[in-house]
Protein chains: 2
Amino acid sequence: MTGESDGEGEQAAFGNRVLVVDDDAALARALTINLRAHGWDVTAAPTGAAALDAVASARPDVVLLDLGLPDMPGLDVIEGIRGWTRVPIVVLSARQLGDDKVDALDAGADDYVTKPFAMNELLARLRAAVRRALPTQSEEPVVMAGELRIDLARRQVSRGGADVRLSPTEWALLEVLVRNRGRLVDRKQLLHEVWGPAYSTETNYLRVYTAQLRRKLEKDASHPRHILTHPGAGYRFEE
Amino acid sequence: MTGESDGEGEQAAFGNRVLVVDDDAALARALTINLRAHGWDVTAAPTGAAALDAVASARPDVVLLDLGLPDMPGLDVIEGIRGWTRVPIVVLSARQLGDDKVDALDAGADDYVTKPFAMNELLARLRAAVRRALPTQSEEPVVMAGELRIDLARRQVSRGGADVRLSPTEWALLEVLVRNRGRLVDRKQLLHEVWGPAYSTETNYLRVYTAQLRRKLEKDASHPRHILTHPGAGYRFEE
DNA sequence: GCGGTCCTTGACGGAATGTTGACGCGGGCT
DNA sequence: AGCCCGCGTCAACATTCCGTCAAGGACCGC
């Protein structure tokens, strides 16, 4: 985490990262090879716990989940994922009949493929799942500003392609500014939204954290081009 | 601190009213104390019925709702609230995995926190919920006047495409004039709205700041075409 | 425990801003 | 004509505000 992205972090297009969750090593390998051949950026997880971690760290655009994992019930994995993100989940199941299909969909899965399956069908369903999900999150959460790329949904900032690590407070401040980009944000409003309603005079915080953000994001921190100061009023993010 | 505090009161300017719905008296008390300490204006309701009443009467900016109330299912409370208002709802859930989370989100909740929770996280999620709800971006007009472009919402002025930097007082004065464009604005009214109720005779200020505005905004400051003087009365902004 | 990150807090020089007074100009009035 | 008042202009001063740095302490993961 501390260093750069782990391997295939930066790919050209969006919506092509898939997380394959399967404990069957042979099947997982086959899936990985096949998906990569079709342009997917594949991350693999052999267990439910690893899957939950991977959803958080790799931020896939779609999850291909095999039920019947060794460490925990597949439904719990679905619910664990649904607890905090709406990334589409396509379930892979061996059984052809049974309640598990209904249960999985009820728990928050988006689609269902039964083994054995045709690769074509699987690819189609993955594409469909991603496509359906896009309009939901497409409130244009990615803001480009010079060499900065700020992904509001994924809480990710990169400068010139390299990821930038931000502390929670740094991110909270940047987020408010970017969500109000092009518009002046009051000092009071910034303090209120980042630190809470009780803080309205601690302009110290703003000075400290704008300085830190500029040091991390601006090319020349002493001549900022994106995080601008309005003396006596507040700050403004400009693209 | 004369110019800053023009009447608006120190509190309650922004959404800081939270309704805590919890039947566990001890937890409710702890939450109330903690939230108050962080500047929130707390109302408490021990039952679902009381919560529905309180949403209507107290008009909170965010609802913190514990599922598992004695009198009615938590989902019904969510739906009851959602029936007539979009106030953000943050759900407190005991279970770590389970359908209730998903169901709550589906029913219209905005976020959830699982017990046990860190106070920091709860505070952050409350702020985030309020923040997301606020952007009811009422579209403010952009006033064009000659080569001037005045964006009331963005608090931005440009002349011939180039941004013009205004000090807080300069902007406050310009804003009053522009909002009353085409109309004569009393000296007393200007002083009152820009400097506060205590100022009604310091016409010096008006002379100084209208001069500064003209220098920044007018092509020929000695023959103003937009910021016009009504001798003995006040000033008027003309497009 | 220990090392790391993160948040908080204080202090300082320098810049931007608000405030105040003085002066000149011009028009209306006596 | 001469005076007075309101307005525009300017400059100097005091104050606030901002950027910066660094130290202390809380918190987390190992």
Side-chain angles (χ1 to χ4, degrees), chain A residues 1-3 53 56-57 164-174 184-188 190-191 194-196 198-218 220-236, chain B residues 1-6 37-38 116-121 123-124 127 164-174 184-188 190-191 194-196 198-199 201-218 220-236:
Chain A
M1 295 279 243
T2 39
D53 285 346
S57 58
V164 178
R165 270 183 54 89
L166 294 184
S167 79
T169 305
E170 287 165 4
W171 171 260
L173 177 59
L174 179 65
L184 171 63
V185 189
D186 236 54
R187 281 186 305 207
K188 196 179 287 186
L190 282 172
L191 287 166
V194 177
W195 280 272
Y199 301 71
S200 48
T201 57
E202 277 80 353
T203 54
N204 265 349
Y205 296 4
L206 291 179
R207 292 204 293 273
V208 170
Y209 276 92
T210 49
Q212 285 179 354
L213 280 179
R214 293 208 256 239
R215 211 174 304 134
K216 291 185 176 181
L217 303 181
E218 299 274 4
D220 181 0
S222 56
H223 296 88
R225 292 173 45 194
H226 301 301
I227 301 175
L228 308 179
T229 303
H230 281 234
Y235 294 85
R236 180 164 58 98
Chain B
M1 219 35 109
T2 41
E4 183 82 20
S5 59
D6 44 356
H38 286 86
F117 54 86
M119 200 60 200
N120 276 346
E121 185 190 352
L123 290 168
R127 290 196 300 271
V164 178
R165 279 183 51 91
L166 295 184
S167 80
T169 306
E170 287 164 4
W171 170 261
L173 177 58
L174 179 65
L184 168 65
V185 188
D186 225 64
R187 281 188 304 211
K188 192 176 290 185
L190 283 172
L191 286 166
V194 176
W195 280 271
Y199 299 72
T201 57
E202 280 80 353
T203 54
N204 264 348
Y205 294 6
L206 292 180
R207 291 205 293 274
V208 170
Y209 277 94
T210 50
Q212 286 179 356
L213 279 180
R214 282 172 179 156
R215 208 175 308 135
K216 290 185 176 181
L217 303 180
E218 298 275 4
D220 181 359
S222 56
H223 296 88
R225 292 172 47 192
H226 299 117
I227 300 175
L228 308 178
T229 304
H230 282 232
Y235 294 86
R236 178 166 58 97

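Heavy-atom basis, side chains included; hydrogens, waters and symmetry copies ignored. The chains referred to below are lettered A, B, ... by the order of the sequence lines, with proteins before strands, and numbering in each begins at 1.
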Think [X] has a side-chain N or O under 4.0 angstrom from the OP1 or OP2 of [N]?
X         : N       : result
Tyr209(B) : dT17(C) : no
Thr229(A) : dC17(D) : no
Ser167(B) : dG18(C) : yes
Arg214(A) : dG19(D) : yes
Arg165(A) : dC6(C)  : yes

Spacing between [X] atom [atom1] and [N] atom [atom2], to the nearest angstrom:
X         : N       : atom1 : atom2 : answer
Ile227(A) : dC18(D) : CD1   : P     : 15 Å
Trp195(A) : dT8(C)  : CH2   : P     : 7 Å
His223(A) : dT20(D) : NE2   : P     : 10 Å
Trp171(A) : dC7(C)  : CH2   : C1'   : 19 Å
Leu191(B) : dT19(C) : CG    : P     : 11 Å
Leu173(B) : dG18(C) : CG    : P     : 11 Å
Asp220(A) : dG19(D) : CG    : P     : 13 Å
Gln212(A) : dC6(C)  : CD    : C1'   : 9 Å

Mark yes or no for whether [X], through its side chain, and [Y], through its backbone, hold a donor-acceptor pair below 3.5 Å.
X         : Y         : value
Arg236(A) : His230(A) : no
Arg215(A) : Ala221(A) : no
Glu218(B) : His223(B) : no

Next on the checklist: Restricting to salt bridge (Lys or Arg N to Asp or Glu O under 4.0 Å), what partner residues turn up for Glu170(B), sequence neighbours left out?
Outcome noted: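 Counting only residues at least two positions away or on another chain, Glu170(B) forms a salt bridge (Lys or Arg N to Asp or Glu O under 4.0 Å) with Lys216(B).
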Checklist entry - Do the side chains of Val164(B) and Trp171(B) get nearer than 4.5 Å, heavy atoms only? => result no
Checklist entry - If you look at every strand shown and take non-hydrogen atoms under 4.0 Å, does Arg215(A) touch a base, only sugar-phosphate, or nothing? => result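 Touches nothing.
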Checklist entry - Hey, does Thr203(B) reach any base, or is it just sugar-phosphate, or nothing, if we go heavy atoms under 4.0 Å? => result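 If one applies the 4.0 Å heavy-atom cut-off, Thr203(B) turns out to touch nothing in the nucleic acid.
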Counting side-chain heavy atoms from C-beta on, which of [options] comes nearest to [X]?
X         : options                   : answer
Pro168(B) : dT20(D), dC7(C), dG18(C)  : dG18(C)
Arg207(B) : dT20(D), dC7(D), dT20(C)  : dC7(D)
Asn204(B) : dT9(C), dG21(C), dG18(C)  : dG21(C)
Tyr199(B) : dG18(C), dT19(C), dA11(C) : dT19(C)

